[in-house]
There are 2 protein chains.
Amino acid sequence: MITTVGTLQTGLQAGKRRTRQRRAVLEAVRNCMTHPDAQWVYEQVRKELPRISLGTVYRNLDLLSREGFIQQLKIGGSYTRYDGDVHSHSHITCRRCGMIENVDVPPLSSVIEEAISTTHFSDVTPQLDFYGICMRCRQQAN
Amino acid sequence: MITTVGTLQTGLQAGKRRTRQRRAVLEAVRNCMTHPDAQWVYEQVRKELPRISLGTVYRNLDLLSREGFIQQLKIGGSYTRYDGDVHSHSHITCRRCGMIENVDVPPLSSVIEEAISTTHFSDVTPQLDFYGICMRCRQQAN
DNA sequence: ATAGGTGCAAATGTTTTGCTGTCAA
DNA sequence: TTGACAGCAAAACATTTGCACCTAT
């Protein structure tokens, strides 16, 4: 069995050293389907490495996202969330409970490209997100 | 000359009382073109009302955005920014300096509507934002 | 051996809140 | 008159950072 923990399939390495802490953080984000925040990752990783600190989790989440191993999501709530899926996709956030789900959206039309061209910005990337009410919240007749 | 400070043209009122503090906060956000944060609004309003507290600014910004008089922007940086322009439009944020500019984007295509329909969410609103490098930052050869 | 990384705790920066007093209606 | 709101300060909250020690290379 080949283990690729802490390494992309291409053999790329995050940071300069391959530490247990970094591998565990990447592993946790990748295995989580719910777009976790730093606290969740911390609690998860602590099951394996009880002495890891929250600061280390933050530092690694930052490094991993800067180097493109994971994605930082600054949508909706009051804290930053992470996504182990780095392929380009959108997110839909529940306005009531904050739950995030993935949405596959086709490439944005040339109409939007035109809108961008009216600005004086360069290297522009669009980010399309959605907000709504999830099924679970809708069913809870409050 | 008709003054509409603190009141929408329709005569709607924010909150239950028309306080000087609330009017000044709304005024400040409306007159500012740079999508200010709470601190900026605080400093601005303090010129007129030196005894206003930051807490009051936050409470009013919150109330005004909940009631639709202004718009809350949770994009990019580490703090919440506000927009006095409540008509539906997008924003483009500079990745380097955080500067925000407005972008007028045509209505999103039906292709996107379809993507939304694959989710189990209701009352979905799309939010399209852009990130890039502004002209000023590009010119500063760093 | 050594630079990069970790743990810990304190600091930071933004936003919220409890309480008491004030003021718009 | 009275309840919504303001001022103040402390608390809450997520996140960052300084420093001494550790460890992957």
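Note on naming: letters A, B, ... go to the chains in the order of the sequence lines (proteins, then strands), and numbering restarts at 1 for each one. From a predicted model like this one, the values you see are computed outputs, not experimental measurements.
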note: B/Arg81, atom CZ; C/dT14, atom C1'; distance rounded to Å ~ 14 Å
Side-chain atoms of B/Lys16 come closest, of C/dG18, D/dC5, C/dG4, to D/dC5
N/O donor-acceptor pair, side chain A/Arg51 with base C/dT6, under 3.5 angstrom: no
Requested in this report: Would you indicate what B/Leu54 reaches in the nucleic acid, counting non-hydrogen atoms under 4.0 angstrom: base, sugar-phosphate, or nothing?
Outcome: base
Atom CG of B/Leu49 and atom P of C/dC23 are separated, to the nearest Å, by 13 Å
Atom CG of B/Asp62 and atom C1' of C/dT14 are separated, to the nearest Å, by 14 Å
B/Glu43 atom CD is separated from C/dT14 atom C1', nearest whole Å, by 14 Å
A/Arg17 has its side chain closest, among C/dT15, C/dG5, D/dA6, to C/dG5
Out of C/dT14, D/dA14, C/dT6, minimum distance to the side chain of A/Tyr79 belongs to D/dA14
From CG of B/Leu61 across to P of C/dT14 the rounded distance in Å is 14 Å
*asked:* Checking side-chain polar atoms at under 3.5 Å, does A/His89 have a donor or acceptor matched by the opposite partner on A/Asp104?
replied: no
With a 4.0 Å limit, can you tell me whether B/Gln21 has a side-chain N or O closer than that to the phosphate oxygens OP1/OP2 of D/dG7?
yes
Separation of D/dT15 atom C1' from A/Leu73 atom CG, nearest Å, is 17 Å
Whole-Å distance, B/Arg23 CZ to D/dA6 C1', equals 14 Å
From the candidates D/dA6, C/dT15, C/dA25, the one with an atom nearest any side-chain atom of B/Gln13 is C/dA25
Worksheet item: Counting any heavy atom closer than 4.0 Å, what does A/Asn60 reach on the DNA or RNA strands: base, sugar-phosphate only, or nothing?
Response: sugar-phosphate
Side-chain atoms of A/Thr56 come closest, of C/dT15, D/dG7, C/dT6, to C/dT6
Would you check if A/Phe69 and A/Leu26 make a side-chain contact, meaning some heavy-atom pair closer than 4.5 Å?
yes
Quick one: is C/dG5 close enough that its OP1 or OP2 comes under 4.0 Å of any side-chain N or O from A/Arg22?
-> yes
Regarding the side chain of B/Arg20, the nearest nucleotide among C/dA3, C/dA24, D/dA14 is C/dA24
Side-chain contact check for B/Ser53: nearest option of D/dC5, C/dG7, D/dC8 is D/dC8
Note: A/Gly84 and A/Ile70 closest approach over all heavy atoms is CA-CG2, 4.4 Å
query = Do B/Val124 and A/Ile133 have side-chain heavy atoms sitting under 4.5 Å apart?
reply = no
Atom CZ of A/Arg59 and atom C1' of D/dT17 are separated, to the nearest Å, by 7 Å
What one should report as the nearest heavy-atom pair of B/Tyr82 and B/Leu61 is CE1-CD1, 3.5 Å
Result for 5'-nearest mapping on DNA chain D, choosing between B/Leu63 and A/Thr80, is B/Leu63
Picking from C/dT15, C/dG7, D/dT16, the nucleotide nearest the side-chain atoms of A/Tyr58 would be D/dT16
Can you see whether A/Thr125 engages B/Arg95 through a side-chain donor-acceptor pair at a distance of less than 3.5 angstrom?
yes
Per atom distances to the A/Arg18 side chain, the nearest of D/dT25, C/dG5, C/dA24 is D/dT25
Tell me whether the side-chain N/O atoms of B/Thr19 come closer than 4.0 Å to OP1 or OP2 in D/dA6.
yes
